[in-house]
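Taking it in order: structure first as structure tokens, then the write-up.
Counting starts at 1 for both ligands and their atoms, following the listed order.
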Amino acid sequence: MIATAIADSNRRSIRTHGPQAQIRTSNVANVAIIGAQWGDEGKGKIVDLFTHDADVIVRFQGGNNAGHTLVVDGEKTVLHLVPSGALHANKLCVIGNGVVVDPGVLIEEIDALKRRGYLSEDSLLRISEEAHLIMPYHKAIDQARERLRGKGKIGTTGRGIGPAYEDKVARIGIRFVDLMEEDTFREKLKYAIEEKNIYLKAILKEKTLSFQEIYDAYGSYREKLRTYITNTGLLLDRQIKAGKKVLFEGAQGTLLDVDHGTYPFVTSSNTVTGGVCTGTGIGPQHLHHIIGVSKAYTTRVGSGPFPTELSGPEGEKLKAEGAEFGATTGRPRRCGWLDAVGVRYAVRVNGITGIALTKLDVLTGFKKVRVATAYRCDGEIYHDFPSSQRAMERAQPVLEEMDGWDTPLSEVRRFSDLPANAQKYVRHLEEILETKIILVSVGPGREQTVLLENPFYS
Ligand code: GDP
Ligand code: IMO
Ligand code: MG
């Protein structure tokens with residue numbers, strides 16, 4: 001499929017799918033795919049592509065705030081909770097304990113996939129019994145808080161993600177294992193609903209929710225999802241011991257990480273590589289390669305600082321050419337030049353071993369392409385990502401400029417077939433980011449890929 005996309009004589013140690021894939025230099029590789037920006041980097045496409053080489057694909061954090069787009073044979077699929085390996089036959093998809101799951105949304109997604117012939121057997125999907133449930137009050141609280149915040153809102157997806165993680169940390173969350181035990185579920189829901197209704201009514205001035213309606217709805221989810229619920233930590237351990245290759249699929253991106261991102265304009269989970277271990281129950285020795293996914297420019301949905309944002313015609317061009325509208329909420333994405341300060345930071349905090357550079361095709365037609373290599377703020381130069389909210393808000397990008405190119409890239413499959421200036425751009429990014437670029441994506445389709453190095457075979 002992408003075997004022809006790859007061989008390129010001027011790159012070192014290239015391993016491909018196809019016959020060359022047999023020449024393996026390591027026994028097993030488990031790979032994490034992590035967003036290196038503010039989300040929507042094209043993780044879904046990259047996970048779908050590398051699923052070819054994996055046996056198990058695992059989500060480890062986030063929830064249905066994620067929207068991962070896969071385009072296979074011209075057909076578009078957007079996944080929110082089911083791992084992006086689902087469009088390949090016979091791959092085991094796992095939702096780990098670190099994910100917060102809205103069971104109604106998950107059931108709809110499973111049903112839609114099954115109607116199209118995917119997830120042909122129930123055994124191809126496994127959900128952690130320790131994953132926490134998103135409850136109707138989480139969504140109500142998320143949306144009401146955003147309304148009350150007005151202009152200062154975070155711009156959340158409104159899916160209840162933050163309040164669900166809050167309850168997990170406050171030790172009043174409800175997990176699948178609790179839902180499976182009817183008595184436990186009744187008790188926990190009773191406690192939660194009393195507290196949430198007081199909060200909704202007195203503080204947020206919202207309508208209260210009915211215990212019985214939630215109890216009944218979640219009772220039906222219990223029966224529909226029962227077959228998928230298991231101890232996924234144990235399952236993954238067995239798979240790894242059996243020599244299976246595991247692909248860990250990140251959601252959101254490093255700059256949205258609750259610890260490392262542009263706090264408070266972040267999501268509520270650890271989106272970085274560290275989240276793989278806590279969100280699945282495997283040890284760090286099982287991770288061999290970390291792929292950071294970055295667009296060739298930058299986008300952001302929701303509020304928060306964005307030093308390289310372009311508000312004029314160049315930003316509009318990126319939005320139009322890149323079709324930059326959210327896969328979950330449909331909101332237009334803010335667009336700007338590549339922020340190498342942010343991506344270099346992502347390389348550091350994730351231990352990224354190779355970058356998948358997506359949407360290079362979108363830069364076609366710009367006379368000049370620019371990259372921020374530092375920030376300027378109150379007379380100071382920042383080469384590293386600042387923690388201060390104030391500094392981030394005032395940061396001005398220090399931009400490097402390079403000549404652009406005019407040729408469309410969507411048919412390119414070999415690095416040497418990219419226009420010279422596009423090649424220069426990629427090479428120069430490798431220098432700025434001090435990391436190799438292992439893949440360049442030139443379109444949404446699975447096959448629109450220039451693969452330089454396959455982490456499963458390196
Ligand atoms: P994710 O959340 O990281 O999986 O990314 P999204 O799916 O939310 O957004 C990425 C968008 O870019 C989707 O519409 C993809 O189909 C599309 N896409 C991915 N790679 C490329 C590429 O190389 N070129 C173009 N033009 N579109 C791409
Ligand atoms: P994928 O996996 C881009 C953003 C929201 C908001 C902030 C907090 O498709 O890359 P939340 O609902 O999580 O509490 O919102 O995080 N956000 C994303 N932005 N891609 C995503 O996921 C996102 N998930 C959340 O827009 O700014
Ligand atoms: Mg997305």
Side-chain angles (χ1 to χ4, degrees), residues 33-49 59 61-72 74-81 83-84 99-100 102 134 138-139 141-143 145-146 153-166 249-258 261-269 271 292-297 299-306 318 320-334 356-364 408-410 412 439-450:
I33 294 188
I34 306 287
Q37 299 171 304
W38 278 291
D40 300 329
E41 298 91 347
K43 298 174 294 294
K45 165 174 170 166
I46 306 302
V47 171
D48 169 67
L49 188 74
R59 276 279 307 268
Q61 46 68 232
N64 62 315
N65 47 349
H68 295 179
T69 313
L70 290 58
V71 179
V72 180
E75 193 178 4
K76 178 169 151 177
T77 305
V78 181
L79 296 174
H80 301 286
L81 277 165
S84 296
V99 178
V100 284
D102 185 326
I134 294 182
H138 293 139
K139 285 182 273 191
I141 291 170
D142 189 4
Q143 291 164 15
R145 278 189 193 153
E146 285 284 276
K153 68 180 180 188
I154 292 168
T156 72
T157 58
R159 303 301 195 257
I161 306 295
Y165 278 117
E166 283 169 34
E249 174 179 5
Q252 292 82 53
T254 304
L255 307 181
L256 287 171
D257 182 281
V258 67
T262 45
Y263 193 88
F265 299 100
V266 293
T267 190
S268 300
S269 66
T271 62
V293 187
S294 168
K295 282 177 183 164
Y297 51 99
T299 63
R300 171 161 211 175
V301 207
S303 321
F306 182 175
L318 286 173
E321 302 287 333
E324 294 298 355
F325 294 89
T328 295
T329 57
R331 290 177 291 176
R333 296 173 181 150
R334 300 155 64 194
L357 188 72
T358 59
K359 302 191 101 163
L360 187 65
D361 54 304
V362 175
L363 292 184
T364 291
L409 307 186
S410 56
V412 173
L439 177 157
V440 179
S441 174
V442 291
R446 194 187 266 175
E447 71 293 348
Q448 291 178 295
T449 307
V450 177

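Nearest non-hydrogen protein atom to atom 27 (O) of ligand 2 is V301 O, 3.2 Å. Nearest protein heavy-atom neighbour of atom 26 (N) of ligand 1: D361 OD2, 2.8 Å. The protein heavy atom nearest to atom 20 (N) of ligand 2 is D40 OD1, 3.1 Å. Of all protein heavy atoms, the one lying nearest to atom 5 (C) of ligand 2 is G155 O, 3.5 Å. In this structure, the protein non-hydrogen atom closest to atom 16 (O) of ligand 1 is P444 CB, 3.4 Å. Ranking the protein heavy atoms by distance from atom 12 (O) of ligand 1 puts K359 NZ, 2.9 Å first. Shortest contact from atom 7 (C) of ligand 2 to any protein heavy atom: V266 O, 3.9 Å.
Considering both main-chain and side-chain atoms, G39 never comes within under 3.5 Å of ligand 2 through any nitrogen or oxygen pair. The N/O atoms of G443, backbone and side chain alike, include one that comes under 3.5 Å of an N/O atom in ligand 1. Between N65 and ligand 2, at least one pair of N/O atoms sits closer than 3.5 Å. For ligand 1, none of its N or O atoms has an N or O atom of K295 under 3.5 Å away. Taking only nitrogen or oxygen atoms, main chain and side chain alike, R333 reaches within less than 3.5 Å of ligand 1. Residue E41 places no N or O, backbone or side chain, under 3.5 Å from any N or O of ligand 2. Between E321 and ligand 1, a contact under 3.5 Å exists for no N or O pair. Residue-to-ligand polar distances keep L360 apart from ligand 1: every N/O pair is separated by 3.5 Å or more.
The parts of T157 lying near ligand 2 are both backbone and side chain, judged by heavy-atom distances below 4.0 Å. Looking at F265 against ligand 2, nothing comes within 4.0 Å, counting heavy atoms. Contact annotation for V442 and ligand 1: only backbone heavy atoms (N, CA, C, O) come within less than 4.0 Å of the ligand. Under 4.0 angstrom from ligand 2, the non-hydrogen atoms of K43 all belong to its side chain. Under 4.0 Å from ligand 1, heavy atoms of S441 appear from its side chain as well as its backbone. Looking at T69 against ligand 1, both its backbone and its side chain come within 4.0 Å, counting heavy atoms.
The atoms of ligand 1 that sit less than 4.0 Å from any heavy atom of E41 are 3 (O), 5 (O). In summary, the atoms of ligand 1 found under 4.0 Å from a heavy atom of H68, numbered by their order in the structure, are 1 (P), 2 (O), 4 (O), 7 (O). Proximity to G44 (heavy-atom distance under 4.0 Å) selects the following atoms of ligand 1: 4 (O). The ligand atoms of ligand 1 that sit less than 4.0 angstrom from a heavy atom of G67 are 1 (P), 2 (O), 4 (O), 6 (P), 7 (O), 8 (O). The atoms of ligand 2 that sit less than 4.0 Å from any heavy atom of R331 are 5 (C), 26 (O). Residue A327 has at least one heavy-atom neighbour below 4.0 Å for each of these atoms of ligand 1: 8 (O).
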Q: Let me see the working for D102 and R159 under salt bridge (charged side-chain N to carboxylate O under 4.0 Å, His left out), right down to the final yes or no.
A: CA-CA 8 Å; D102 185 326; R159 303 301 195 257; over 6 Å; no
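There is a side-chain donor-acceptor pair under 3.5 Å between S84 and E249.
Looking only at side-chain heavy atoms (C-beta outward), P305 and R300 come within less than 4.5 Å of each other. The side-chain heavy atoms of V440 and L409, taken from C-beta on, include no pair separated by under 4.5 Å.
For a distance bound of 2.8 Å, the N, O or S atoms of G326 include none lying that close to the Mg ion (ligand 3).
Residue contacts with ligand 1 do not include G322, since none of its heavy atoms lies under 4.0 Å from the ligand. Distances shorter than 4.0 angstrom occur between a heavy atom of G67 and an atom of ligand 2. Distances from ligand 2 to the non-hydrogen atoms of H68 include at least one value under 4.0 Å. Using a 4.0 angstrom heavy-atom cutoff, R446 does not count as in contact with ligand 1.
Of all N, O or S atoms in D40, the one lying closest to the Mg ion (ligand 3) is OD1.
Side chain of Y263 to backbone of D257: no donor-acceptor contact under 3.5 angstrom is found.
Each of E324, E321, E41 was checked for a side-chain hydrogen bond (donor to acceptor under 3.5 Å, both in side chains) with K359, and the lone residue meeting it is E324.
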